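What follows is one structure encoded as structure tokens, with my remarks underneath.
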There are 2 protein chains.
Amino acid sequence: MAHNIDEGTTGERAYRRIRNDILQGRLAPAEKLKLERLKEDYGVSVSTLREVLSRLSSEKLVVAEGQRGFEVAPVSAEELKDIASLRLLLEVHAIAQSFQSGDMEWEARVVAAHHKLAAMEEKKKAEGSPDIETWKRYDWEFHQALISACGSRELMETHGAVFDKYLRYQMLALTDRGEIAAREHRQLMELALKRDAAKAGDVLKAHITGGLAHALAAGRIV
Amino acid sequence: MAHNIDEGTTGERAYRRIRNDILQGRLAPAEKLKLERLKEDYGVSVSTLREVLSRLSSEKLVVAEGQRGFEVAPVSAEELKDIASLRLLLEVHAIAQSFQSGDMEWEARVVAAHHKLAAMEEKKKAEGSPDIETWKRYDWEFHQALISACGSRELMETHGAVFDKYLRYQMLALTDRGEIAAREHRQLMELALKRDAAKAGDVLKAHITGGLAHALAAGRIV
DNA sequence: TCAATAGGTAATTTCAAAAATATATGATGA
DNA sequence: TCATCATATATTTTTGAAATTACCTATTGA
């Protein structure tokens, strides 16, 4: 998910920074993106910005209307539900494929990713919330590991894009199901090793719809 | 799919033209996209081109590696299979949803879209291949109409993106299952009116895997 | 003969300013 | 007072050129 901070061209770096700022809510939904201001904030020229914003508008994280410039994509409960259900569709299917053809390397990836995630969740329970950003990354990496043997690059990339949008809502809602999510993560890992795709699908459904309900209940998303 | 030819900014027009040229194979897979040449061909400046190509690289129709410029995304039998199976997953699901909640307006859209497509297929059978581009557009519009009552904007957009990539392969393979595809289209329309999502799923599976096999058999895709 | 390197050329990337477009402000007349 | 139009300002869009980076070729030394 996160690449080295100063890897690639200036444009790529700006792309990653701005994308992250949208995902983390530092650039608020529906906020107008004035080029002059962004130029200051990110230290790049307008042409480069434009390149970055075009790319983000392809990913629907930014909307670009006519010749009225760019703004951060708005959020809505409607879209959140939509995204959650699409994520569920893709991830359930990918898990089934993955459980079928996963080898030992895959099992190792799943166990490793879960280990990191579980450690983070444990730490969070103890000390409060240390580093939301890396915690969310571990969450991403765990779910990615689960489906990493599905055998379809297209499926994984599409899932990744949807997951990121889902993550944005989670960050905006500032919601956290703590131990419940942690238990579900453990269940998913165990079911992966048992290759029980059907049960894993059920758990994932609960995981996602639970997270969705929790985010909606927080009331920060209209 | 196709918007008015001179709608929007210069950049948007160039975007549509280049995108179309990739989808139609006029810009060949893995072809290097030299900015100087494109500048001539499309009559826009390098910065504008760069904006367009960035956007297309988000859609994976163009690849942009490091500071070595852009090239048209390559094709492979592997990716084609991948795309076909993702399209099937999304479209079967969307059809089920759509059949469940489609109203009379939806039925009318389906019938209308099928009418245009069938007329084109009839004409093609009679006169050879008149206008591949509009024929493919009618195909797109028909499948889009079928799922247009699925209730999920995300699902429709994702499906649209995948469908376009699938279409690119069809154009490259120059394959045509003619009457078989036409019969399947008719069946899909009839099953839509009968709200028989299960059978429609089967027909769609045959439709897509048949098209896939036909394209691969043409041997133009390595 | 081969590898390594230096120099030159071609391409990409980035920038800052000009052109085009939209938004805000104020004046005029009903 | 209100709507309409003209002017001015702000913002976006597009351009062309400077800075950077990659690529090719030839020369040197082993």
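Because only heavy atoms are used, hydrogens play no part in the values below, and waters and symmetry mates are left out as well, while side chains stay in. Small disclaimer: the values here were computed from a predicted structure and weren't measured. Sequence lines set the chain letters: A, B, ... in the order given, protein chains first and strands last, and positions in each chain run from 1.
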### Message
Short of 4.0 Å, heavy atom to strand atom, which residues of residues 50-72 of chain B count as contacting DNA chain D?
### Response
Gln67(B), Arg68(B)
### Query
Is any side-chain nitrogen or oxygen of Ser47(A) closer than 4.0 Å to OP1 or OP2 of dA16(C)?
no
#### Entry: Arg220(A), CZ: over 12 other non-hydrogen atoms inside 6.0 angstrom
yes
### Message
Can you tell whether the side chains of Lys39(B) and Glu36(B) come within less than 4.0 Å, N to carboxylate O?
### Response
yes
### Query
Rounded to whole angstrom units, what separation is found between the CG atom of Leu49(A) and the C1' atom of dT13(C)?
14 Å
### Query
Is there a donor in the side chain of Glu79(A) and an acceptor in the side chain of Tyr169(A), or the other way round, less than 3.5 Å apart?
yes
### Message
Taking the six-membered ring for Trp, are Trp140(A) and Tyr166(A) closer than 6.0 Å centroid to centroid?
### Response
no
### Message
Does the plane of the ring in Phe142(A) sit parallel, tilted or perpendicular to the ring in His185(A)? Use 30° and 60° as the thresholds.
### Response
perpendicular
### Query
Does CD in Glu31(B) sit with more than 12 non-hydrogen atoms of other residues, nucleotides or ligands closer than 6.0 Å?
yes
### Message
Do Arg55(B) and Tyr15(B) form a cation-pi contact, if we require the NZ or CZ to be under 6.0 Å from the six-membered ring centre and within 45 degrees of the ring's axis?
### Response
yes
### Query
Which of residues 29-45 of chain B sit near DNA chain D, with a heavy atom under 4.0 Å from it?
Val44(B), Ser45(B)
#### Entry: Arg137(A) with Glu133(A): basic N within carboxylate O range, under 4.0 Å
no
